[in-house]
Colleague: 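One structure is given below, represented as structure tokens, and several questions about it will come after.
These figures come from a predicted structure and were not determined experimentally. Naming: A, B, ... by sequence-line order, numbering from 1 per chain.
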Amino acid sequence: MTIPNNKIYKVNSVRKNKNLKKDISPSVDIAHKLKVRAKEKENIRRKLAVTAKQLALVARENENARRKLVITAKKLALSASEKETARRSLAVTARELKRLHWTLEKKVLKRTKDLDQVRSKNEAILASIGDGLVVVDKEGKITYINKSFEEMLGWKSQEIIGKSMVEIVPREDVDGVEVQFKERILTQVLSGKKFVANLTNPFYYIRKDKSRFPVSSIIAPVVLASKIIGAVEVFRDITKEKEVDKAKTEFVSLASHQLRTPLSTVSWYSEMLLAGDVGDVTPEQKKYIEEIYRGNQRMVNLVNTLLDVSRIELGTFIVESKPTNIVKLVQGVIEEYRLQIREKRIHFSFSSEKSIPNIQVDPKILRMVVQNLLSNAIKYTPEGGRVFISLFAQKGNAVLFKIVDTGYGIPKNQQDKIFTKLFRADNVVGKDTEGTGLGLYIAKSIVEQSGGKIWFESSENKGTTFNVTLPLKRKNPKKA
Amino acid sequence: MTQIRKNKTKDKPIERKTILVIEDERSLLEIVDSRLKNKGFDVMTARSVDEVFNAGIEAKGMGIIAVKSIQQALDYLEDLEKVDAIWLDHNLLGKENGFDLIKKIKANGGRWKNVPIFVISNSEKSETINTYIELGINKYYIKSNHKLDDIIGDIHKHLDAKVNKRKS
């Protein structure tokens, strides 16, 4: 760029020189020319200097650009090496992933194998359960049965999977009456109702070939996330148990018969001795004979109580319910115990609401309940104590019988055992009281079989209150 | 030889009642026999159904006499006809029990049909008790649960009531 500028300058100076030629002398002219030349040179030099500077500037700019390029090049080189590193590490990761994948695969395989093993083991366990097992969905359709089920009922798994359990296996009571769909425990369990097994009334399952066998079964809902998704039933053939039961009944009946004859002999002979049938007895002899008689009487009572218990347990109590005036019944029992009440100088009272309705119950067994509770109250209340019986009509068609005493009470830590068969609380065992530990067990069994409730409050050395409620009518009358 | 014993006490002016006691247990049979006599009854005893009928029926029908003499058999029969009440145990010696005795009595007809029967047994099976009630007995006692005098008292009352009825 600077070069063309110089040319222009030259042209200008040539034109000026032409003008000078016309009016100046040669020496002056030469000197002048020299001066001009020098000036021109100086100008040129200056211009050159400027150009040099400019060139230097350009050179510096170039240098800068070069440097920048170098930096960029370096940078590029750097990122390339980074890339290489990344590439390398990616390669490693890929290898690692591959390895992991492979291990995982191996693990999965092993786990699957393990699971298979567990599953087949579980299946083997389910299949080998000695009791019949059936699983149903929430519609009651069979989803699984085990081998015992197949053997007991004569059905093959493939024949009945997906079918309704209640329809495939009818259930009958002792008299051969089929249990209706709605009444089936399975139906009730699936609808979320609680079911309490009644072991005294066995049921029968009908096999494929229409024969039947007594069965004891437990049915439980299968609950997932608090929803009933089905049910599982385990049942077993109780033919053997029934046979044993029968043998037990027969034994009890036989034993009671065998015991009653000698008991009657002791009782009647001592009675006659006391009556003086074979001559007068001395007061001391009389006392001894009375002891024999009383001891025998205790055995008689024990035999009777044991028979009651076995009848309750075997369900052979024949219950003959009829409209019963409970007020009269209680008064009758009180009369039986008048003598004992007087002997222990117990302050006794009885009260009853005016309109107590008749209740539908077997008076014979209700009497046993009242007798047990009253005799306990008298027995476990010290001389001079108080016993109070009251009767109330209750809302919801029930009658409440309440008996309060100021007796020894039942220790707190033994209250949960008081209805247990043969249990007697420590505080009365040590006292001079007779008892078998069967009375409350019998009372509770009877009350519950009659559809009622029995409960108590007691505090040691202060007294006990027993409460019994009985419905006017039994809702689901069953043989007790 | 029959074991039926005729246990008459000395004649008394008042009308004496005869009780037939059938009980297999010897000790009980003896005490009941003795107590009834003490209370002024005439008592006949047996330990099996066979024993009750053998002497009478055989002597009457076939002429095969299982008693010492015809006279004795006839006496026995006469006494048997006089029975006013029967004290009966359920389980007896031999194959037959109280049910069989009552059925035979009813089959015999005549006055026997109306003889009051008191069953005193060890059994408290409802079926047993109900069967007796259906057969028309007067009362059922569970042996060990009753005093001897209470049962005898009941029989007394029943017979007295019958006498009063007849009189009125």
Colleague: Tell me whether B:Arg26 is salt-bridged to B:Glu30, with the criterion being a basic N under 4.0 Å from an acidic carboxylate O.
Modeller: yes

Colleague: With a strict 4.5 Å heavy-atom criterion, list every residue of residues 267-274 of chain A that contacts chain B, or say none.
Modeller: A:Trp268, A:Tyr269, A:Glu271, A:Met272

Colleague: Run the ring-ring contact (aromatic ring centres under 6.0 Å, His included) test on B:Phe99 and B:Tyr132 for me, step by step, so that the C-alpha distance in whole Å, both residues' side-chain angles and the decisive distance to 0.1 Å come before the verdict.
Modeller: CA-CA 7 Å; B:Phe99 293 153; B:Tyr132 274 114; 4.6 Å; yes

Colleague: Assess whether atom OH of A:Tyr288 is packed by more than 12 heavy atoms of other residues, nucleotides or ligands within 6.0 Å.
Modeller: no

Colleague: For B:Glu96, is there an ion pair with B:Lys103 - N to carboxylate O distance below 4.0 angstrom?
Modeller: no

Colleague: If you count heavy-atom pairs under 4.5 Å with chain B, which of A:Val278, A:Val266, A:Leu263, A:Thr265 comes out on top?
Modeller: A:Thr265

Colleague: So which part of B:Asp149 gets closer than 4.5 Å to some heavy atom of chain A, the side chain, the backbone, both or neither?
Modeller: both

Colleague: Using a 4.5 angstrom heavy-atom cutoff, name the option from A:Val300, A:Val303, A:Asn301, A:Asn296 with the most pairs to chain B.
Modeller: A:Val300

Colleague: Give a yes or no on whether a salt bridge exists between B:Asp42 and B:Arg16, defined as a side-chain N under 4.0 angstrom from a carboxylate O.
Modeller: yes

Colleague: Side chain, backbone, both or neither: which part of B:Ile129 has a heavy atom under 4.5 Å from chain A?
Modeller: neither

Colleague: As a test of understanding, state which of B:Asp84, B:Leu36, B:Val21 forms a side chain to side chain contact (heavy atoms under 4.5 Å, CB included) with B:Phe41.
Modeller: B:Leu36

Colleague: Is the closest basic N to carboxylate O distance between B:Arg47 and B:Glu25 below 4.0 Å?
Modeller: no

Colleague: Between the side chains of A:Arg367 and A:Asp362, is the shortest nitrogen-to-carboxylate-oxygen separation below 4.0 Å, so that they form an ion pair?
Modeller: no

